[in-house]
Structure formats: C-alpha cells, structure tokens
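Report on the structure given below.
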There are 2 protein chains.
Amino acid sequence: MFELSFAEENYLKAIYHLSADGKRQVNTNAIAERLETRPASVSDMIRKLSEKGVVTYVKYQGVNITEVGKKKALWVIRKHRLWEVFLVNKLNFHWDEVHDIAEQLEHIRSSLLISRLDEFLEFPKFDPHGDPIPNAEGIMSSNPMTILSELPIGKTAELVSMKDTGAVFLNYLDRTGLKIGSKINIVDKMEFDGSMEIMVDQDKTMSISKQVSDNLLVITE
Amino acid sequence: MFELSFAEENYLKAIYHLSADGKRQVNTNAIAERLETRPASVSDMIRKLSEKGVVTYVKYQGVNITEVGKKKALWVIRKHRLWEVFLVNKLNFHWDEVHDIAEQLEHIRSSLLISRLDEFLEFPKFDPHGDPIPNAEGIMSSNPMTILSELPIGKTAELVSMKDTGAVFLNYLDRTGLKIGSKINIVDKMEFDGSMEIMVDQDKTMSISKQVSDNLLVITE
DNA sequence: CGGAATTTTTAGATTAACCTAAATTTTTAT
DNA sequence: ATAAAAATTTAGGTTAATCTAAAAATTCCG
C-alpha cells in the first residue's frame with residue numbers, strides 16, 4: 001500500500017467530506033475554500049491524486065473520490081476522531097478545544113498505535129462532537145441518535161452527545177461522572193416527573209431529572 | 001517565539017545529542033551520518049539554523065548549539081520522552097518498539113497538550129529507556145541511578161530502568177506489576193538471602209529476591 | 001443564442017529540503 | 001612541510017507544495 005503525504009491526506013479528507021453531503025462531483029473552488037488554498041493549487045493536487053488512483057477526475061468537471069480514496073480518507077478520519085476521544089476523555093480537554101491538535105495527530109503513521117489507542121479508549125463509537133468513528137475497515141455506525149428521555153425502562157444506551165452544550169450543563173455532567181461513551185442502563189422511570197434511575201457503566205446508579213435526560217443523546221446497541 | 005520546521009527540529013536534536021557528549025564542536029559529517037542525509041544538505045541547513053540563532057557556526061569549523069537552540073532541542077526531547085512513557089505505560093508497547101512512533105509524536109505542537117500529558121502520566125522523570133525527561137524549563141534530573149539491592153531499609157526510590165532486559169525478566173516484572181515509574185519503598189531486607197519486602201506505589205507489598213533487586217535501577221528522591 | 005460572469009486550468013515562480021559533482025579548506029602522515 | 005586524504009562547502013538540480021497572473025472552458029441569463 002502506497003502512502004500519502006500530509007498534504008495529500010488533507011486534500012483527500014476535504015474531498016471526502018465535501019462529497020459525503022450526497023453530491024457526487026466536488027468542485028475545485030469548494031476544495032480551495034475548505035483548505036484555504038488557491039484553486040490553482042487544488043488543480044495541481046487533483047491531478048496528482050488522480051494519478052495515484054484515489055480520485056477520478058475529468059478536466060473542468062470536478063472530482064469523484066474512488067473506493068480506495070474513500071478508504072484512505074476514512075482511515076485518517078478514524079485516527080482524528082480517536083485522538084479527539086483521547087484528548088477529551090483522558091487529558092480532560094474540552095470538546096471544542098481539540099480540533100487543532102487532532103489535525104496534527106491524525107497524520108501519525110502506525111496502525112498498531114491506533115489499534116492500541118482504540119483498545120485503551122474502550123472502543124468508542126463516537127467522538128466528543130458526536131460524530132461516528134469509522135472502524136478499522138472504514139465502516140461507521142449509522143445508528144440514529146435518540147434522546148435518552150424517550151427510551152423505555154430496561155434499554156441500554158451509549159452516551160454520544162449533548163444537546164445543551166452550555167457550561168452549566170457540562171459542569172453538572174462532570175460532577176455526575178457522565179461523559180461521552182458512558183454506557184447507560186435505564187433502571188426505572190418515574191411517571192409523575194419524568195425523572196429516571198440509571199446505572200452508569202455497570203457501576204453506579206443515579207437519578208437524573210427529565211431536564212437532564214432530554215439533553216443526553218444516545219444510541220442503542 | 002519563532003517555530004522550527006520538523007526538519008529543523010530534527011537537525012537541532014541531532015546537534016544537541018552530538019554536543020551533549022562533552023564535545024563543543026559538532027562536525028558536519030557526524031550530523032549527516034546521524035540523520036542519514038548528505039553532508040551537503042547539512043551545510044545548507046546549518047546556515048539556515050545559524051541565521052535563526054539556534055546554532056553558531058564558523059565555516060569549516062563545526063557548529064555550536066546556542067542557549068536558545070538548547071532550549072528548543074530539550075523541548076523536543078521532552079515531548080519525545082513523554083510520548084514514549086505514554087506508549088509503554090498506557091498503550092502497553094514494549095520499550096524497544098516505541099522510538100519510531102515517538103519520532104513522529106515529538107513534533108506535535110501544543111504546550112497545553114504536553115502539560116496535560118505530563119500530568120496524566122503522573123510527572124515521570126525518566127523515559128522507558130531510563131533517560132531523564134527534561135521538565136518544562138528544560139532541566140532534567142542528573143541524579144545517578146543506583147541498584148535497588150544496594151539501598152537500605154526505609155528508602156523510597158523510583159524505578160527508572162532494568163539491567164536485564166531479557167524477555168524472561170521483563171515478563172516476570174509484568175506479572176508483579178512493577179514498571180518504569182513505580183515508586184518503591186523498602187519495607188524490609190532479609191539478611192540470609194538478600195531478598196526484600198517492598199511496597200509498590202504505596203499500594204501493594206511484595207517480596208522480591210536479590211536476583212531481582214540486582215536488576216532494578218532506581219533513583220532516590 | 002451568445003456575451004458576460006464564473007470556474008478551472010495552465011504557465012511560470014518561489015521556498016524548503018533534499019541530492020550529486022566539483023571545488024575548497026583542513027587535517028594527517030610520511 | 002607538503003602532498004594525499006578527509007571534511008566541508010558551493011554550484012547547480014530536483015521534487016513537493018504552494019503562489020499569481022493569464023488563458024481557456026463552462027455556465028448563466030437577458
């Protein structure tokens with residue numbers, strides 16, 4: 001397997017994201033804008049990427065990412081998102097502080113490193129922004145997120161994001177120990193006020209109000 | 001503060017290591033050999049580094065690293081060694097597998113990341129090879145390492161390296177939970193066979209034979 | 001439809017980091 | 001001390017990734 005330079009990886013990632021929005025053709029200007037480069041630079045790079053077989057390209061008609069290209073892009077995205085989980089869950093960064101550091105870490109080359117990191121983080125499926133993490137084969141969960149308060153008693157779910165991202169709410173969560181990746185088991189629900197009794201990470205139970213469970217986004221397995 | 005490119009950081013690190021062996025002048029060929037580049041490339045880069053003030057340089061007479069250069073080099077070395085500790089202590093890499101990955105990680109730019117990592121690793125003073133980790137000011141422990149078996153009852157020491165690095169011994173250590181960075185308190189020593197009772201990380205006590213304590217290199221605080 | 005506007009590509013430069021080959025300086029050894 | 005050997009620098013070139021300016025293709029719309 002050939003290797004891409006940092007710059008090539010960044011272009012490919014941009015093209016992947018721009019084409020993930022349903023659209024097939026990705027245009028030069030869009031790539032240039034996203035990467036803060038000039039369209040002329042994009043033209044050059046696209047030619048190079050198409051020679052490497054990671055995109056197909058007809059002059060003046062935009063780019064399409066190939067299957068090989070998609071796989072490469074997803075591998076970089078996997079690394080990026082796993083490092084974000086590391087930064088937030090282990091180094092106590094806030095989810096909105098981690099992007100720039102992860103942009104650097106995503107280019108580190110070592111698949112063993114990534115599989116060890118994945119294991120260390122306990123195989124998270126979503127990053128701290130709630131975006132799904134591709135697995136080693138490039139497949140990512142397309143499970144829809146649901147609101148915790150809507151689930152019935154007995155369901156097990158994984159916390160993947162918060163609706164309210166204000167400091168007050170996040171601070172509350174900090175104190176409860178609830179965080180992205182926590183496994184939540186719904187032990188009981190109180191009819192009269194909508195509060196629920198949950199078990200977190202098969203470890204400790206707690207009671208949370210409806211106001212809280214309305215703001216927790218989860219996926220069920 | 002100006003920033004150095006990855007290549008510049010690598011040159012500076014090489015020059016630092018080559019001049020750390022007591023010698024003042026570092027010669028071009030030595031740098032080229034260490035970095036696996038050609039002497040001509042080294043000449044180019046040295047000119048650039050001296051323009052930036054991180055080395056001083058008289059044509060045909062070798063390089064000297066400046067105080068600013070030393071500080072920059074030590075910062076890269078600090079990052080390298082902290083990442084090595086992370087890889088070994090947290091991701092279960094073996095100490096002889098981590099160099100290449102740390103060579104990449106050492107260039108990640110974020111001092112906040114490094115201070116958080118340092119804290120997460122509980123402020124290690126030595127890397128998995130037993131080399132001292134510079135602190136944020138570029139100062140590193142020059143405490144001599146001693147052999148655990150030579151210390152008296154009551155001493156507290158930090159495990160920094162092993163003399164025997166064979167698989168059998170390392171495997172034994174794995175099972176005891178002893179690892180680089182462990183804090184060892186000498187509770188008792190048995191005269192008749194030289195074995196000792198130790199408390200590890202103020203947590204669990206165990207008995208180790210003289211053969212074992214002869215192979216553990218520690219520093220006392 | 002056909003010109004104007006927009007998008008994209010090409011042409012030609014620049015910078016960083018390397019290289020080889022040749023020139024120059026220093027060191028070594030007889 | 002001086003010629004040969006070794007070390008170092010210079011000269012000139014390459015590649016990757018960028019840029020600006022200009023040319024070419026496509027799209028939009030009156």
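Just so you know, these numbers come straight off a predicted model, no measurement behind them. Atoms considered below: every heavy atom in the structure, side chains included; atoms not considered: hydrogens, waters and symmetry mates. Order of the sequence lines fixes the chain letters, A, B, ..., with proteins taken first and strands second; residue numbering starts at 1 for each chain.
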### Query
In a check of side chain to side chain contact (heavy atoms under 4.5 Å, CB included) between B:W95 and each of B:K179, B:H129, B:M162, which one passes?
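It is B:H129, the one option of B:K179, B:H129, B:M162 that forms the side chain to side chain contact (heavy atoms under 4.5 Å, CB included) with B:W95.
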### Query
Are B:E8 and B:K52 ion-paired here, with the side-chain N under 4.0 Å from a carboxylate O?
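Counted as a salt bridge, because a side-chain N and a carboxylate O are separated by less than 4.0 Å.
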### Query
Any ion pair linking B:K183 and B:E122 (charged N to carboxylate O, less than 4.0 Å)?
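So B:E122 does not pair with B:K183 through a salt bridge.
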Taking atom [atom2] of [N] as reference, at what distance in whole Å does atom [atom1] of [X] sit?
X: B:Q61; N: C:dT27; atom1: CD; atom2: P; value: 7 Å
X: A:N29; N: D:dA25; atom1: CG; atom2: P; value: 18 Å
X: B:I31; N: C:dC18; atom1: CD1; atom2: P; value: 13 Å
X: B:N10; N: C:dA16; atom1: CG; atom2: P; value: 17 Å
X: B:Q25; N: D:dT8; atom1: CD; atom2: C1'; value: 14 Å
X: A:I46; N: C:dT10; atom1: CD1; atom2: C1'; value: 14 Å
X: B:E8; N: C:dT15; atom1: CD; atom2: P; value: 15 Å
X: A:N27; N: D:dA25; atom1: CG; atom2: C1'; value: 15 Å

#### Entry: B:E106 and its side-chain hydrogen bond (donor to acceptor under 3.5 Å, both in side chains) partner, picked from B:K79, B:K13, B:R81
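Among the candidates, only B:K13 passes.
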Once you apply a heavy-atom cut-off of 4.0 Å, does [X] come out as touching a base, just sugar-phosphate, or nothing?
X: A:D44; result: base
X: B:T37; result: sugar-phosphate
X: A:Y57; result: sugar-phosphate
X: A:A7; result: sugar-phosphate

### Query
Would you say the side chain of B:I31 lies within less than 4.5 Å of the side chain of B:V63, judging by non-hydrogen atoms?
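Side-chain contact under 4.5 Å: yes.
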Out of [options], which has the shortest distance to the side chain of [X]?
X: B:M45; options: C:dC18, C:dT8, D:dC19; answer: C:dC18
X: A:Y60; options: D:dC19, C:dT10, D:dA24; answer: D:dA24
X: B:T28; options: D:dT8, D:dC19, C:dC19; answer: D:dT8
X: B:A40; options: D:dT8, D:dT10, D:dA24; answer: D:dT10
X: A:R38; options: D:dT26, D:dT9, D:dC19; answer: D:dC19

### Task
Give a yes/no answer on whether the side chain of A:S41 brings an N or O atom under 4.0 Å of OP1 or OP2 in D:dC19.
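Indeed, a polar side-chain atom of A:S41 lies that close.
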### Query
Closest nucleotide of DNA chain D for A:F6 versus for A:K59: which of these residues is on the 5' side?
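Looking at DNA chain D, the more 5' nearest nucleotide goes with A:F6.
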